[in-house]
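Read through the structure below, which is laid out as structure tokens, and then see the notes.
Letters A, B, ... mirror the listed sequences (proteins, then strands); counts begin at 1.
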Amino acid sequence: MYDHQSIEKKWQKQWQDSHLYKVGEDITKPKYYILDMFPYPSGVGLHVGHPKGYIATDIFARLKLMQGFNVLHPMGFDAFGLPAENYAIKNKMHPKTATDANVANYKRQLEILGFTYDWEREVNTTDPEYYKWTQWAFLEMFKKGLVFESYEPINWCPSCKTGLANEDLEDGKCERCGTEIEQKPMRQWVIKITNYAERLLADIEKLPDWEESIKEMQRNWIGKSEGSEINFTIKDSDQVIKVFTTRVDTIFGCTYVVLAPENELVEKLKPQITNWSQVEEYIETVKNKSNLERTDLNKDKSGAKLEGVSAINPFNGKVVDVFIADYVLNSYGTGAVMAVPAHDERDFEFAQKYGISIKKSINPSPREEAIGCYTEDGFLVDSGEFTKMDSASARLKMMDWLEKNNHGNRKINYKLQDWVFSRQRYWGEPIPIVHCDKCGAVPLPYDQLPLTLPDVESYEPSGTGESPLATISDWVNTTCPTCGGPAKRETNTMPQWAGSSWYYLRYIDPKNSEALVDKEKEKYWSPVDFYVGGAEHATRHLIYARFWHKFLFDIGVVNYEEPFKKLKAVGLIMGEDGRKMSKRWGNVINPDDIVEKYGADSLRLYEMFMSPFSDSSAWNTNGLIGTRKFLDRVCNITVSEETDSPAVVNILHKTIKKVADDILDFKFNTAVSAMMILVNAVYDQGGKMNKSNYTLLVQILAPFAPHLSEELWSNIGEKESIFKSPYPAYDPELMKDENVTMVISINGKVRANLEVPAGIAEADAMALALDNEVIKGWLEGKEVIKKIFVPDKLINIVIK
RNA sequence: GCCGCGAUGGCGGAAUUGGUAGACGCGCUGGACUUAAAAUCCAGUUCUAGCGAUAGAGUGAGGGUUCGAUUCCCUCUCGCGGCACCA
């Protein structure tokens, strides 16, 4: 048993006092930048699941340090946003006071785990010196025309009383509070992230070291689809309905056209529509539907016919009816589709309900008739000059035809939507824009940054679509930077994700007041070599950050197009009952208690040992006690002058190699098990270990259990920190096995083992095998058909 | 519905250019030490039959390739995650 409390405190202080983790640019060493997703400090503090990723990167960082790299492994806090603000409101505190207290608590909880952070590089997104550069980047985007004011209806959370981006929704509900989202038209700032859709998608292919699952999520989220836009002219009108389709090959089967109820064309067609009151009524019902009702796939399709309006199919001149229906989304494509009930299930369902004719234009093959609704590619029928072509070539020919005859064009659409960037809340970065009656929306000059968040009497969101900032009239009323006339400040704030979109750059140069990041320093440290965090950020933070970074690349602030070279997702730690750790289930394990009782090193080791890093698994305190026992066993080894057994030496050198390989591969569970095997072997020779070999054992343990290792290191007389010592080299000669156990199997079934010198020749091994008593018994009276020899592994004898 | 991932003892998990399935840890059983307990140390622990040597079965299910399959191929079941009326 060792006294973890005194040892851990002692070395934490020692490391801090000696500035062990202070890091600067050092061109004599290779750099390595390893990053964790910085935490969002909530009121309840960390549970044992949160630091899992931090422990892993810390072990990795310590190994790299010992391997001679200049390692940047920073930490900071993402502290703006709704949860902190809601917590402050609930506890009747100023959000800043609440946030500062939460940050302090998080920092304390991180410090007791013994991480290698250089706290002089800490960043905090709520620090005006930090968000000055968030605002600066926003203004740069504004100047490049990437930011615009929109009045379109957006997702509105009635509980959080703010507008939200598409990425902030889960199943049509607010990702934060679970409240159902409404559509609310309001003024907002929007960033044209869709301008970067193609690059964000294409460059995923430049990220071979990202986890495939995350890349796939991003591809789906961006949702590229290639097709055509086709003009259906409206009979007796100068209006045109543009539809988007990926299946132009089915167009001869089009029997009607559908507009989204919100499509602005509907209003324009009003004079022609003879059943306007009916149409209006339908639009009203749609408006009253919640998001959830609207997107429920099981619901009956509904719609209304626009009487008096008909559209002309440019391919065959056929006149078809026009409907509005809420199964067509206004936010995607043109907000209008051509309906081909014979070859699209949604159109089929709608056509059946409203008694619209269904016309077949595709067969599965030239000899096979399509039955019912056939949605696959096939061969065209009744399709004019395109009849008999296969779908793929017909699409190409038909797109050519469209373009040649000016009836439409090729078109690529993305599911990704522009980034709604306004929040009607207090606790966020103020948007540095001034509204002037004469000059319009005017960006604040750079010398007025940061635009600091003013104090306000009430932080409660108003719910009117105005931020609480709107009530501070002496802050709101200002002068126009352009004309000097009276003007008003923008009162919306930036979303939660703004500050986290570029924080990894600020660690490189955290105190720079002249630039977001110094170019030379950025060149030295960028890109982030390895980024570790939760998979839940795949389509939020990780898309925003890639976008923000590409923009900074375009304006010459950074040197690389992609911010994160390698990415790994951390698996969740569940409660002992297998459920997510939460107050609600009463299954939360607090790291403070574990550190106090069993020590930080035990916790570190256990979290790495419990399962493969990216898997989620349930906490088990007995398992933790097991890793603590292992540390006690290491502690109880007697350092001796005697020579170690060949077995111990052999295992030691294999372990030196395996542990380093496994850490670099993020296979911590097998690294820990390898060290356990080594220590078991030491106990097999009586619990004594030769001092020089013992030194190596302590060094390989150091990244996992830094406090205990540092203590054992100093106990054997070392003066400098163990982390200034080089990671041990293994001796390939000592790793070699002298003897190996070969398996002899008969027809693939193991029948005997053979202890032989490593590298034994086939003939010798075979002779030994055939001489084996057990084998002889099996071979008696049988015919040997084949003999297989795998060097140092096995012999298989096939008999009949 | 579409896409991705997965399924191995009582439990967490290990093993893949195809070569002893169950490493390591937990739990459990027995032993040593102790007046006793805890801690520690030692031994055992996939299932079935047998005192035992041993034999048979066994990596979600079924089939295939192979001297040999947890590993490769096909079909299916279940679980997890993401997206979802995206035309």
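The side chain of A/Tyr327 places no N or O atom within less than 4.0 Å of a non-bridging phosphate oxygen (OP1 or OP2) of B/A87. One finds no side-chain N or O of A/Arg219 lying less than 4.0 angstrom from the OP1 or OP2 phosphate oxygen of B/G82. Proximity of A/Asn220 to the phosphate of B/A84: no side-chain N or O atom is located under 4.0 Å from OP1 or OP2. Proximity of A/Ser213 to the phosphate of B/G82: no side-chain N or O atom is located under 4.0 Å from OP1 or OP2. Contact check, A/Lys629 against B/C26: a side-chain N or O comes under 4.0 Å of OP1 or OP2.
Nucleotide B/G25 has B/C11 as its partner under the Watson-Crick or G-U criteria, with both atom distances under 3.5 Å. In this structure B/U40 sits in a base pair with B/A32, meeting the Watson-Crick or G-U test at under 3.5 Å. B/A57 is paired with B/U46 under the criterion used here, namely a Watson-Crick or G-U wobble arrangement in which both key atom distances are under 3.5 Å. Using Watson-Crick or G-U wobble geometry with both donor-acceptor distances under 3.5 Å, B/C67 finds its partner in B/G19. B/G6 is paired with B/C78 under the criterion used here, namely a Watson-Crick or G-U wobble arrangement in which both key atom distances are under 3.5 Å. Using N1 to N3 plus N6-O4 or O6-N4 for Watson-Crick, or N1-O2 and O6-N3 for G-U wobble, each under 3.5 Å, B/G1 pairs with B/C83.
With C1' as the reference atom, B/G82 and B/C72 are 28 Å apart, rounded to whole Å. B/C11 and B/U20: their C1' atoms are spaced 25 Å apart (whole Å). Taking atom P on both nucleotides, B/U34 is separated from B/C24 by 30 Å, rounded to a whole Å. Separating the C1' atom of B/U46 from that of B/G27 is a span of 15 Å, rounded to the nearest Å. Across B/G56 and B/C5, the matching P atoms stand 38 Å from one another, rounded to whole Å. Here the separation of B/G62 from B/U8, taken at their P atoms, is 16 Å to the nearest Å. As rounded to the nearest Å, B/G79 and B/C26 have C1' atoms that lie 24 Å from one another.
In summary, the side chains of A/Asn313 and A/Lys318 do not present any donor paired with an acceptor at a separation below 3.5 Å, with no hydrogens or angles considered. Between the side chains of A/Gln183 and A/Asn155, at least one donor N or O lies within less than 3.5 Å of an accepting N or O. A side-chain donor from one of A/Trp497 and A/Asp168 sits under 3.5 Å from a side-chain acceptor of the other. If you check the side chains of A/Tyr414 and A/Glu198, you find a donor sitting under 3.5 Å from an acceptor. Side-chain contact, A/Asn796 with A/Ser745: a donor N or O sits under 3.5 Å from an acceptor N or O. When only modelled atom types and interatomic distance are considered, A/Ser225 and A/Tyr332 share a side-chain donor-acceptor pair under 3.5 Å. Side-chain N/O atoms of A/Trp221 and A/Glu167 include a donor and acceptor closer than 3.5 Å.
Under the 3.5 Å distance criterion, the side-chain polar atoms of A/Asn650 are matched with a main-chain donor or acceptor of A/Met735. For the pair A/Asp321 (side chain) and A/Leu306 (backbone), a donor-acceptor distance under 3.5 Å is absent.
Atom P of nucleotide B/C26 and atom CG of A/Leu605 are separated by 12 Å, given to the nearest angstrom. At whole-Å resolution of the value, CE in A/Met608 and C1' in B/C24 are 16 Å apart. Straight-line distance from the CG atom of A/Asp632 to the P atom of B/A39: 12 Å, rounded to whole Å. Here B/G82 presents its P atom at 18 Å from CD1 of A/Ile222, a figure rounded to the nearest Å. Remark: C1' of B/G4 and CH2 of A/Trp221 are 16 Å apart, rounded to the nearest angstrom. Distance A/Phe668 CZ to B/G12 P: 22 Å, rounded to the nearest Å. For the pair A/Leu169 CG and B/A84 P, the interatomic distance rounds to 9 Å; values are reported in whole Å. As a whole-Å value, the separation of A/Tyr606 OH from B/C26 P is 11 Å.
The 5' end of RNA chain B is approached more closely, in terms of each residue's nearest nucleotide, by A/Asn680 than by the other of A/Ser225 and A/Asn680. Ranked by how close their nearest RNA chain B nucleotide is to the 5' end, A/Arg247 and A/Thr670 are led by A/Thr670.
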Given A/Glu211 and A/Lys566, is the salt bridge (charged side-chain N to carboxylate O under 4.0 Å, His left out) satisfied, shown in steps? CA-CA 8 Å; A/Glu211 232 162 82; A/Lys566 178 171 179 160; over 6 Å; no
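Comparing B/U20, B/G13, B/C67 by their closest approach to the side chain of A/Asn669 singles out B/G13. Side-chain atoms of A/Thr539 lie closest to B/C83 of the nucleotides B/C83, B/A21, B/A87. Closest to the side chain of A/Pro612, out of B/A14, B/U20, B/G19, is B/A14.
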All N/O pairs under 3.5 Å across the protein-nucleotides 50-59 of chain B interface:
residue	atom	partner	partner atom	Å
B/G56	OP2	A/Arg751	NH1	3.1

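Listed by residue number, the members of residues 780-793 of chain A with any heavy atom below 4.0 angstrom from RNA chain B are A/Lys786, A/Ile788, A/Val790, A/Lys793.
Screening A/Asp347, A/Val258, A/Thr255, A/Thr250 for a side chain to side chain contact (heavy atoms under 4.5 Å, CB included) with A/Met338, the sole residue that qualifies is A/Thr250. Partner A/Leu779 forms a side chain to side chain contact (heavy atoms under 4.5 Å, CB included) with one of A/Val774, A/Ile799, A/Asn772 and no other, that one being A/Ile799.
In this model, no side-chain donor or acceptor of A/Asn622 finds a partner on the base of B/C26 within 3.5 Å.
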